[in-house]
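A short write-up of the structure that comes next.
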Amino acid sequence: MTTAMPERVVSAEQRKRARSVGITYLVLAMVCFFVFTRRPGDAGFRITETSQFTLPAQGFGWALGIALVAVAAAQLLRGFGRLANVVLALATASFFMSFLAWAAAGDSFSFVGMLQDTVSRSVPITLGAIGGILSERSGVINISIEGMLLAAACTSAIGASLTNLWLGTLIGVLTGMALAAILAVMSIRYKVDQVIVGFAINFFALGITSFISFRVLVPNRDTMNSLLPVTPIRIPLLADIPFIGTIFFDQTIFVYFSFAAVALATWGLYRTKWGLRTRAIGEYPKAAGTLGVDVNKLRYRNLLLAGAVAGVGGAWWPIGIVGRFDQNITNGRGFIALAAVIFGRWHPVGALCGALVFALAEAVRLKIGNFDTGIPSEFLIMAPYVVTIIVVAGFIGASRAPKAAGQPYEDQ
Amino acid sequence: MNETLKSLRFTFLAVIAALFVSAFIIVITDIEALGDGNFGQAFNTLGTAYWGLFKGSFGSLRAISNTITGATPLLLAGLAVSSAFKAGLFNIGATGQMLAGAITGLWVGFAFQLPPIIHVPFALLAAAVGGALFGAIPGVLKARTGAHEVITTIMLNGIAGFTVLWLLKTELFKREGRDDAISKFVEDSARLPKLFWFMGKRIDLLAHTGFIVALLATFAFWWLLRKTTLGFEMQATGFNQEAARYAGMKTKSLMVVSMAIAGAFAGLAGGSEVLGLYGYASGTVAGDIGFDAIAVALLGRSTPIGTLVSALLFGALQAGGRQMQVDTDVPIDLIIVLRALIVMFIAAPLLVKAIFRVKGDAKAFGQTFRGWGG
């Protein structure tokens, strides 16, 4: 851009948003004052096997509360302009630390372990979300992520038990692709409502895997549903970075694959001819078709790719962590992935952020569940759901989906 | 051949195709029999399984009662999804709305001493209001901030689930002498009467008059869509929100009202389970019903009559599936597969046409859910 930056125009919408962010800061400050300062003692955050840092729960709560009031005042009076997002991120992170300090006051827990767990748990959600993005960006609504994850988890467990981990994962990938093929044929060739097919696939996967689990896997547990999951691979040098290294570079191959998939999908969608065409057939297929793109063929290919990626995500359960398949092992993670797609505004990096948030909530629940905080554990468990609603309602708002998602395309 | 017959023929063929695929699944997973090369036994299992499916759903008065019992909450929760679809909203939150209705209905059910003629409607009304208030939340969030209802309803399901688990352990709700999440019983005066009360003391006939409530709700849904301005505006908003706004409709308020109506249906589903079937509430009172209700609504194309028929079909499959599981080693999960296949085949008349080489026109389904909206 060569022209001079114009005066910053602030729309009514933006002003409204800025105000609600300011009010949110005030609410957070109140939580600090009235909740996070109620439990005495220091909280120990272990960052390696032997070392830890401690936060005085009450002191931190008071300090953060006061800081948040100041931030809220500044936000409401003049705003932070370009720094708004930085401030928001810092405030959220500090609030989260204060929450942990409050919950673990007088005790200690493995902070690094929790974050490592978060990254690991984000894998199926991220990969499922990438699968969702690839199909929805090409104009096919993909409600069936859950089904793809679940079916792939089941077949890859069987495959890996009977052969080896690689072949097992491959079988999971092929399963994801098979379900994606059903979605593709039904929605592209037979023009069935995409939401109906998607849900039918979910039910089909839930039913058939429970059925197989009960009828085949339970009687043949040792031969068909028992395997040793993959071990973490330490990336030389990077894994030696304190803290960060343990969280990101001492993980299983699934984690590395998932980050690579996010990078590749982002690059592919925004930097290649394929990506341009994919986005075009998701937004305005007629125009793309007129310019010579074979819309339906590209949709088929992208859906198969989406199924393959989701298949790896499904294989994460038996091969990446648990070592077997259980009935309904995914437990709605595919829908969380769908939420991550919308949360991330159909962008791979956004979806990764969403996946990390949901995974963090899960990891926190597992760690904090052991502490007796005086607040019923049910409320701590539901906190992430509440936070998600606040985040989506307060900060993300309406996200715009690919325009053609849901519409079958007919060659003229 | 007239339209109705033609569409009935496709429905029939779709069910046949689904039964056929399921049969294939039953046979190939009979590993023991196939390992011995004993195909006769595998097919024998199949026969027993399908006979059990029929016997358990329509074979006796008890089977019919079980079918109705299963269909009741599916129909009410199905209406919750259908009515939202009509307004262009995707309500995944029937589970949470059911729980909300179950709790408010439960409370009125045990907290008041009233004659049955007042108590039952009062408790049902409370259930509907509870569901409506909870259902309105995603509507308000979407209207005011644009937050997508798919995200908010999924999250609200979680919130409702854990809130109920907590509530049921509080002094107000908890049953004497129990530490787990199970409530006290509602007063007898708040219980929905049995549907087959005239059969005397048959305690195995579980069907209750919640089914009548569900039928009335179906009629109310039809009335709303066909005879009221509100219903027309809801559908117009669902069809094309921009155009509806341009025509002067208050699309944002309509969003809230539509979700409240959907929530009221689901709340009734929760209420009728508590007041009709169980007489108390537990953490699993909503079960998978809210999720199955989505399939019911999709299969019924969100129309009142379609939702009714598919709820009955699903109720029958569920009742029959239990009998099948008793009679053979075929697990009830096959029913979920069967449902999925029926939904798929019915939604794809073009595919059924291709399989059975039927001549004539087969129109694809109209869209239920018009994209993700903006």
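Using a 4.5 Å cut-off between heavy atoms, B/T163 contacts chain A through both its backbone and its side chain. With a threshold of 4.5 angstrom between heavy atoms, B/L165 approaches chain A through its backbone and through its side chain. The contact between B/L351 and chain A is made by backbone and side chain atoms together, counting heavy-atom distances below 4.5 Å. When heavy atoms are compared at a cutoff of 4.5 Å, A/V216 approaches chain B solely by way of its side chain, counted from C-beta outward. With a 4.5 Å cut-off on non-hydrogen atoms, B/L156 touches chain A through its backbone and its side chain both.
The number of heavy atoms from other shown groups lying within 6.0 Å of CZ (B/F24) does not exceed 12. Within 6.0 Å of the CZ atom in A/F379, the count of heavy atoms belonging to other residues, nucleotides or ligands exceeds 12.
Per-residue heavy-atom pair counts under 4.5 Å with chain A were compared for B/D292, B/I335, B/I92, and the maximum is reached by B/D292. Note: B/M344 leads B/M344, B/K169, B/R339 in heavy-atom pairs under 4.5 Å with chain A. Contact count against chain A (heavy-atom pairs under 4.5 Å) is highest for B/I294 among B/V343, B/T152, B/I294. Of the listed residues (B/L334, B/L141, B/N157, B/I137), the greatest number of heavy-atom pairs within a distance under 4.5 Å of chain A belongs to B/L334.
B/A23 approaches B/Y50 most closely through the heavy-atom pair N-OH, 3.1 Å. Closest of all the heavy-atom pairs between B/T45 and B/V330 is CG2-CG2, 4.0 Å.
In this structure, CH2 in A/W346 is found 9.5 Å from CD1 in A/I133, a value given to the nearest 0.5 Å.
Residues passing the side-chain contact (heavy atoms from CB on, under 4.5 Å) test with B/T237 are B/Q241, B/A244, B/T251, B/L254, sequence neighbours excluded.
Sorted by first and then second residue, the pairs that involve residues 329-341 of chain A and meet side chain to side chain donor-acceptor pair (under 3.5 Å), not counting sequence neighbours, are A/E146-A/T330, A/R333-A/E362.
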